[in-house]
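Encoded as structure tokens, the structure appears first; notes follow it.
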Amino acid sequence: MNAQVSVFEKIFKLTERKTNLRTEIIAGLTTFMTMSYIIFVNPVILSDAGIPKEAAIAATIVASVIATLLFSLWANMPVAIAPGMGLNAFFTYTVVLGKGLSWQTALGAVFISGVVFLILTVSGIRQKLVEGVPVVLRSAIVVGIGLFIAFIGLKNAGIIVSNKTTFVALGNITSIGPVLALIGVVTASILMSRRIKGALVISILFITILAMLFGIAKSPKGISDIISLSPPSLSETFLAMDIKAALKYGILSIIFSFTIVELFDNLATLIGLTKKAGLMDEKGQIENIDRALTADALATMCSATMGSTAMNAYIENATGIAEGGRTGLTSLVVAGLFLLSLFLTPLVSLIPSVATAPILILVGALMLNEIKHIQFDDLTDAVPVFLTIIMMPLTFSIAEGLAFGFISYTLLKVLTGRYKEVKPVVYFISAAFIINFIWG
């Protein structure tokens, strides 16, 4: 045991960061319990894009394991990585279903965005890009994505349905599907409010059991329908990305949108998590941040090769950090638990959309927290913010929301004589979206 501790001490610097083996293991378990819902949710979203569900499960888990190991062993951070909520929705509902691209072409776009992301990171441009975008637009992007995710959840639950006259309408909320989804929202909300670890996973499993009892989900007939010693195959999605088709299609705005969301979401989350973990010094410098950001970009490229979407650092890592996680040993534990979950593939395949829809709704609701950073007393800020937020769910596209936000922000500032407030990066992004509108 002492030998094992000394190995972990040498790799993760436990004493230097004022932690120990037991604390790190508990922190890892806590983080996994709070973010493992992605194992259930992501394959459902990817399967809507046409990706075989079993392969989507494998891709989600394997990509998460590899990415989290990079953060653990290379960056030594207590941060786990998985396919990003919002980016997976953008992939399926905007790029594949909205634009009519194949999922292989969309994966090609994800890979290209990862390459762009890597170039921006190693060149040092990434930080400058983020700093050049005003806080109000950064916050609006998060809020807009939150509404978009919540809208998808409401749609998947049957709570919101299409209507020829009004475009959208309230579904039959007395039917069993919507009722179970609403029970899921209430259940997860109560558990989260009471700070129950694994609240979202507990809710998913609870609603799944109810769905089985009411006959709208398949029930397991034996242990083999829950656990399998044969992990799912990646053969249908591994290296299935079509980079050539993505470049041929000329999907500038799609690649651009993937990159922009990755830029803001990941960096902001990493700053918040590392600050909470005490890894930021008095000057605001974060230990191994360059390695973490590079690992982040490599993770997205890796995810695309596996058959999944762009990767993000999850804010749920804060729960493990709150339990005392301070090193990469925390994320090593998470990676190990993700790996073990490969053998639960049969169980994941049984989860119905009414069980995962409440999670989308709640994650969307939690993202509204960013609205507190937005001041609405200046119309040259308020209008772009409003357009960014409202256009994402109404156009069913994160890219369109970004375009309306950046273009309107630039135009209003310039036409009111406040052009000095617009940083060069905002001009560049706005011009790119305008060109895409004209030629796209």
Side-chain donor/acceptor of [X] to backbone N/O of [Y], under 3.5 Å:
X      : Y      : result
Tyr314 : Pro83  : yes
Thr23  : Thr19  : no
Thr34  : Thr30  : yes
Arg326 : Lys18  : no
Thr187 : Ser203 : no
Asn317 : Ala80  : yes
Ser303 : Ala299 : no
Asn42  : Ile39  : no
Thr68  : Val65  : no
Ser228 : Phe343 : no

Rounded to the nearest 0.5 Å, how far does [atom2] of [Y] lie from [atom1] of [X]?
X      : Y      : atom1 : atom2 : result
Ser349 : Leu347 : OG    : CG    : 8.5 Å
Ile227 : Thr345 : CD1   : OG1   : 11.0 Å
Leu14  : Leu329 : CG    : CG    : 6.0 Å
Phe338 : Ile66  : CZ    : CD1   : 13.0 Å
Leu234 : Met306 : CG    : CE    : 6.5 Å
Arg291 : Trp74  : CZ    : CH2   : 6.5 Å

Are more than 12 heavy atoms from other residues, nucleotides or ligands located less than 6.0 Å from atom NZ of Lys53? yes

Check your understanding: Within a reach of under 6.0 Å around OH of Tyr427, are more than 12 heavy atoms found that belong to other residues, nucleotides or ligands?
Key -> yes

*Kindly state whether the ring of Phe148 and the ring of Phe396 have centres lying under 6.0 angstrom apart.*
yes

- Query: Under 6.0 Å between ring centres, would you say that holds for Phe386 and Phe376?
  - Reply: no

Check step by step if side-chain contact (heavy atoms from CB on, under 4.5 Å) holds for Phe406 and Val426.
-> CA-CA 7 Å; Phe406 275 96; Val426 178; 4.1 Å; yes

Which heavy atom of [X] sits nearest a heavy atom of [Y], and at what distance?
X      : Y      : result
Asp381 : Gln375 : CB-O, 4.4 Å
Val110 : Ser308 : CG1-O, 4.4 Å
Met192 : Ala199 : CG-CB, 3.6 Å
Leu107 : Met241 : CB-CB, 3.6 Å

Quick one about [Y] and [X] (side-chain donor to acceptor, distance below 3.5 Å, no hydrogens or angles considered), yes or no?
X      : Y      : answer
Ser139 : Glu370 : yes
Glu9   : Thr15  : yes
Thr105 : Ser102 : yes
Thr356 : Asn156 : no

Under a 4.0 Å threshold between the charged nitrogen and the carboxylate oxygen, would Arg418 count as salt-bridged to Asp378? yes

With a 4.5 Å cut-off on side-chain heavy atoms, are [Y] and [X] touching?
X      : Y      : answer
Thr380 : Tyr409 : no
Ile38  : Asn88  : yes
Thr300 : Thr309 : no
Phe12  : Glu24  : no
Leu87  : Asn312 : yes
Val96  : Phe90  : no
Thr327 : Lys13  : no
Pro220 : Leu350 : yes

Residue pair Asn76, Phe71: steps toward the side-chain contact (heavy atoms from CB on, under 4.5 Å) verdict:
CA-CA 6 Å; Asn76 193 20; Phe71 266 73; over 6 Å; no

Exercise for review: Please report the C-alpha distance between Thr92 and Leu97 in whole Å, then the side-chain angles of each, then the deciding distance to 0.1 Å, and finally whether the side-chain contact (heavy atoms from CB on, under 4.5 Å) criterion is met.
Suggested key: CA-CA 6 Å; Thr92 293; Leu97 299 182; 4.1 Å; yes

Report task. Go through the steps to decide whether Leu118 and Leu298 satisfy the test side-chain contact (heavy atoms from CB on, under 4.5 Å), and finish with yes or no. Result -> CA-CA 7 Å; Leu118 180 62; Leu298 292 172; 4.1 Å; yes

